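To keep things clear, I will list the structure first and then write my remarks on it.
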Amino acid sequence: MLDLKFIRENIELVRQAVADRGTDAPLDEIISLDTARRRQILELEDLRHARKEAARDREQADKEVGRDLRVQIKTLEDEVRSLDSQLQDLLLQVPNLPHPSIPVGKDESENPVVRMWGEARKFDFTPAPHWKLGETLGIIDFERGVKLSGSRFYVLKGLGARLQRAIISFMLELHTTKHGYQEIYPPFMVKRECMVGSGNLPKFADNLYHDEEDDLWFVPTAEVPLTNMHRDEIIMPGSLPIYYVAYTACFRREKMSAGKDTRGIKRGHQFDKVELYKFTEPDKSNDELEKMVANAEHVCQKLGLPYHTKELCTADLGFASTKSYDIEMWAPGCGEWLEVSSCSNCGDFQARRANIRYRPTPDAKPRFVHTLNGSGLALPRVLIAIMENYQQADGTILVPEVLQGYVGEKVVR
RNA sequence: GGAGGGAUCGCAUAGUGGUCUAGUGCGGCCGCCUGCUAAGCGGUUACCCUGGGAAACCGGGGUCGUGGGUUCAAAUCCCACUCCCUCCGCCA
């Protein structure tokens, strides 16, 4: 959420930012509602002041005047309340401002590649796609996934399941012991206000699974619970930055991308992910973003998987982000670059929605923190990349060296 | 799921219709004092919105879990909800 005052005072800048993203937002309505609301608040405060004065002395209290004031205050309060909630609804629909440093573009084709690492392996046979390898080796069971839960679900078996668990353990250990993150195991279902705080509601309800009875929402990413760890808190001086890493399952309806990527395990309704998250001081957040991307890239490097890193242009930026990098791994079997991580600086956008502040010094006023999130990394796609890059002519898969201790095998056969 | 109890300014507590402009203790901060100690004295101690001012600062409004209601007047009375605790039931 943007600061209403900022919108009021920088309306043209905000308009331009929304245009650069290639979306729209109800800015005119916001401005006119805000004007009306502010006028009414002034009036309301005068009336309240009058009531306070009138009720000060109980002997001289004029009940007629008082009753009249009460009625006036109540009607005005109702009006302000209604304006407030309308305004709030509209504000929640305004996306974050792109950082001035990022490229303006009209779609994802304009995301510049900022780094490349590793070289695509040369095969002396035609590399198979992971769905083929998985079925042949008996480690991915698509049919039973569909039997249990429908399309876009699969079952991992034997060394497939073990390999996935190994990747999770490896990544958590790398981030906790080498990169300074604290491991968090959060709930996978959260309250509505958490979804609002992270920016997933109200705009993206379509993509979420929801338990009607208790109004609990399945997390589409650990970013949601992690953002809300410090909701409605004032973080004490000297406590920033805070680094969290969390493994969770992620649940997405994927309604928007029906019919896309239906083959294999690239895009399912449920997948596992290790998520990196930071709370930082405002002037540190962009440096922290660079470090976070480096942490995510480090995972790719340790696994020996070629990747490139792209900076997202304005049109491809997420709703809550001011600046983002995507990391894509090369998958020789299906012949495409797979997005395994997206690291974003959300500035104070989520902090304002979730009311997360910090005190710079013991007697300073609280300020909104900056929040950052990044995948470190998303599981099924790393699994795909490993299977396809480490496959051998006989259809078996070598286990990357750093995972061998976790898997307990050198080859998946 | 059933029955009770509770939620007050960092912590602990007082407050059951009108100087509550929320008291007190602890802790924190500032200052003073003392040749000594976890000593004494004084002061201070949250957040949000808003008006004026370059600023230090000054003023108005709101917040006693949340949202409604009653009243000239609500921390206090009424209703609903949330969360926590105790007991019972159920349960991996």
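As the structure is a prediction and not an experimental result, all values here were calculated from the model. Throughout, a chain's letter reflects where its sequence line sits, starting with A, and its residues are numbered from 1.
A gap of 13 Å separates the C1' atoms of B/rA7 and B/rU13, to the nearest Å. Here the separation of B/rG18 from B/rC87, taken at their P atoms, is 38 Å to the nearest Å. B/rA14 and B/rG69: their C1' atoms are spaced 28 Å apart (whole Å). The gap from the C1' atom of B/rA12 to that of B/rA22 amounts to 16 Å, rounded to the nearest Å. Going from the P atom of B/rA56 to that of B/rC47 covers 15 Å, rounded to whole Å. Distance check on atom P: B/rG28 versus B/rG89 gives 47 Å, rounded to whole Å. Annotation: B/rG68 and B/rG25 have their P atoms spaced 36 Å apart (nearest Å). Taking atom C1' in both B/rG5 and B/rC9, the straight-line distance is 24 Å, to the nearest Å.
A 3.5 Å limit on both hydrogen-bonding distances identifies no Watson-Crick or G-U partner for B/rA56. B/rU76 is unpaired under the Watson-Crick or G-U wobble criterion, no partner having all donor-acceptor distances under 3.5 Å. Remark: B/rU70 base-pairs with no nucleotide in the shown strands. Criterion, Watson-Crick or G-U wobble with two distances under 3.5 Å. Pairing partner, B/rC47: B/rG62, with both Watson-Crick or wobble hydrogen-bond distances short of 3.5 Å. Using N1 to N3 plus N6-O4 or O6-N4 for Watson-Crick, or N1-O2 and O6-N3 for G-U wobble, each under 3.5 Å, B/rC26 pairs with B/rG10. Under the Watson-Crick and G-U wobble criteria, each requiring two contacts below 3.5 Å, nucleotide B/rG1 is paired to B/rC88. The partner of B/rU37 cannot be assigned: no Watson-Crick or G-U wobble pair with both contacts below 3.5 Å exists in any strand.
The distance between atom CD of A/E193 and atom P of B/rU66, rounded to the nearest whole Å, is 14 Å. Following rounding to the nearest Å, A/R231 (CZ) and B/rU66 (C1') show an atom-to-atom distance of 13 Å. When rounded to the nearest whole Å, the span between CD of A/E233 and C1' of B/rG10 equals 13 Å. In this structure, CD1 of A/I73 is placed 16 Å from C1' of B/rG69, rounded to the nearest angstrom.
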Dump the intermediate steps for ring-ring contact (aromatic ring centres under 6.0 Å, His included) on A/F319 and A/F204, then the final yes or no. CA-CA 10 Å; A/F319 181 72; A/F204 305 102; 5.5 Å; yes
Residues A/V245, A/E275; criterion side chain to side chain contact (heavy atoms under 4.5 Å, CB included); working and verdict: CA-CA 6 Å; A/V245 57; A/E275 181 80 357; over 6 Å; no
Does the side chain to side chain donor-acceptor pair (under 3.5 Å) test come out yes or no for A/N111 and A/E311, once each step is laid out? CA-CA 6 Å; A/N111 298 336; A/E311 179 173 6; over 6 Å; no
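Annotation: A/H230 is in aromatic contact with A/Y244 [ring centroid separation under 6.0 Å].
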Using a 4.0 Å heavy-atom cut-off, write out nucleotides 47-65 of chain B from 5' to 3' as B (base contacted by protein), S (sugar-phosphate only) or - (no contact). SSBSS--------BSS---
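Residues passing the side-chain contact (heavy atoms from CB on, under 4.5 Å) test with A/L137, sequence neighbours excluded: A/I139, A/I397, A/V412.
Dense packing is recorded around NZ of A/K157, with more than 12 heavy atoms of other residues, nucleotides or ligands lying under 6.0 Å away.
For residues 134-164 of chain A, the ring-ring contact (aromatic ring centres under 6.0 Å, His included) pairs, not counting sequence neighbours, are A/F153-A/H269.
With respect to A/E254 and A/R267, a salt bridge is recorded, a charged nitrogen being found less than 4.0 Å from a carboxylate O.
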